[in-house]
Amino acid sequence: MKIVSWNINSVRFRIAIVEQFLREQAPDILCLQETKVIDDDFPFEMFRSLGYDHVVIHGQRMHHGVAILSRVPITLDDRFDWQANREARHVGVALPNGVRLENVYVPAGGDVPDREVNPKFGQKLDFVERMTRWSEGLSGPTILVGDFNIAPLPEDVWSHKQLLDVVSHTPIEVDALGRLQAAGDWVDLGRRFHPAPKRLHTWWSYRAKDWAASDRGRRLDHMWATQDVAAQAVAHTVFEDCRGWLKPSDHVPIMTEFAW
DNA sequence: ATGTCCTGCAGAGCAGGA
């Protein structure tokens, strides 16, 4: 079973690269973030043509939006609103083997890492805090994937020193993410298969002239699993090449393969 | 400090978000 997570930055605008990726890698399940489309306008057809008949989406106008597309049946349909502001940032399902799959898009948090000056930063911290409370109450095998918008380790960014004050890598965010990870005893699958100090990045800004040459990446996208599920994981891949595709997302897909 | 990219509105370039 191969499960992929990808912040696609508009699923309609990037439908061609999504199709290319699905044809090349043939994951069983694809979790998307930033679909940027209301549910009625979701481009179901391409997914259906490739066998992704089981779809649970949670979209909204313009921003955010998450989706789970699957070749295996998925049941349930949770949509948590940890900010209580009706933003579409989570969708959760159950797989046939009983494993829960939770797909989340954590707020980016604005530019200034100070909640007094920048309310969005406070909202991001509050969002992660509420996820932590939720995580404490979870039971059973679970996979948590998505764009967490936080790069926790020094090796998760191109320069630890230069990003200490940059939203996504500040100590206050890293601490908050650490509390979330501890609350669920979550295993970071990316780092389980590619331990630090190996460089592991999933996002490169659009603003660089040449993303590969400057290579100022960050690991904002994650796959976590409870211990029982993590024991079944056999491989984890970051598809860095996708950043160089035509009309790319600024994020690349990440994939974990499980033994079942 | 700057850079770019997407959506929606409107019917062209902006605002807003990332």
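Reminder, nothing fancy here: chain letters follow the sequence lines and each chain counts from 1.
- For the contact set between residues 105-120 of chain A and DNA chain B, defined by any heavy atom under 4.0 Å, the members are A/Tyr105, A/Ala108, A/Lys120.
- Qualifying side chain to side chain donor-acceptor pair (under 3.5 Å) partners for A/Gln20, counting only residues two or more places apart in sequence or in other chains: A/Glu24.
- Look at the C1' atom in both B/dT2 and B/dA18: the space between them is 16 Å, to the nearest Å.
- Distance noted for atom P between B/dC6 and B/dA10: 22 Å (whole Å).
- Among pairs with a residue in residues 194-204 of chain A, those fulfilling side-chain hydrogen bond (donor to acceptor under 3.5 Å, both in side chains) read A/His194-A/Lys198, A/Arg199-A/Asp215, A/Arg199-A/Glu240, A/Thr202-A/Asp221, A/Trp203-A/Asp250, A/Trp204-A/Asp215, at least two apart in sequence or across chains.
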Donor-acceptor list for residues 159-169 of chain A side chains, cut-off 3.5 Å, not counting sequence neighbours:
| residue | atom | partner | partner atom | Å |
| --- | --- | --- | --- | --- |
| A/Ser159 | OG | A/Gln162 | N | 3.1 |
| A/His160 | ND1 | A/His169 | NE2 | 2.8 |
| A/Ser168 | OG | A/Arg218 | NH1 | 3.1 |
| A/His169 | ND1 | A/Ala151 | O | 2.6 |

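- Checked options A/Asp28, A/Leu76, A/Leu101, A/Thr75; the residue passing with A/Leu95 is A/Leu101 (criterion: side chain to side chain contact (heavy atoms under 4.5 Å, CB included)).
- Residue contacts shown for A/Arg218 are absent, as no nucleic acid heavy atom lies under 4.0 Å away.
- First and last contacts of DNA chain B with chain A, using any nucleotide atom under 4.0 Å from a protein heavy atom and ordered 5' to 3', fall at B/dG3 to B/dA18.
- Taking the P atoms as reference points, B/dA15 lies 15 Å from B/dG3, given to the whole Å.
- For A/Ile38 and A/Glu34, each mapped to the nucleotide of DNA chain B holding its nearest heavy atom, the one lying further toward the 5' end belongs to A/Ile38.
- The aromatic rings of A/Trp82 and A/Phe80 lie tilted to each other, with the angle between the two planes from 30° to 60°.
- Among the protein residues, A/Arg14 comes within range of the sugar-phosphate backbone only, with heavy atoms under 4.0 Å from sugar or phosphate atoms but none that close to a base.
- Residues that satisfy the salt bridge (charged side-chain N to carboxylate O under 4.0 Å, His left out) test with A/Arg14, not counting sequence neighbours, are absent from this structure.
- Through side-chain heavy atoms spaced under 4.5 Å, either directly or across other Ile, Leu, Val, Met, Phe, Trp or Tyr residues, A/Phe13 is tied to no other residue.
- With the nearest nucleotide of DNA chain B identified for both A/Asp250 and A/Met62, A/Met62 has the one nearer the 5' end.
- Grouping Ile, Leu, Val, Met, Phe, Trp and Tyr by side-chain contacts under 4.5 Å, direct or through others, puts A/Leu69 with A/Val4, A/Trp6, A/Ile8, A/Val11, A/Ile15, A/Ile17, A/Val18, A/Phe21, A/Leu22, A/Leu30, A/Leu32, A/Val37, A/Phe42, A/Phe44, A/Met46, A/Phe47, A/Leu50, A/Tyr52, A/Val55, A/Ile57, A/Phe239, A/Trp245, A/Met255.
- Taking the P atom of each, B/dA1 and B/dC5 are spaced 23 Å apart, rounded to whole Å.
- In this structure, A/Met62 stands alone, with no Ile, Leu, Val, Met, Phe, Trp or Tyr side-chain heavy atom under 4.5 Å from its own, directly or through other members.
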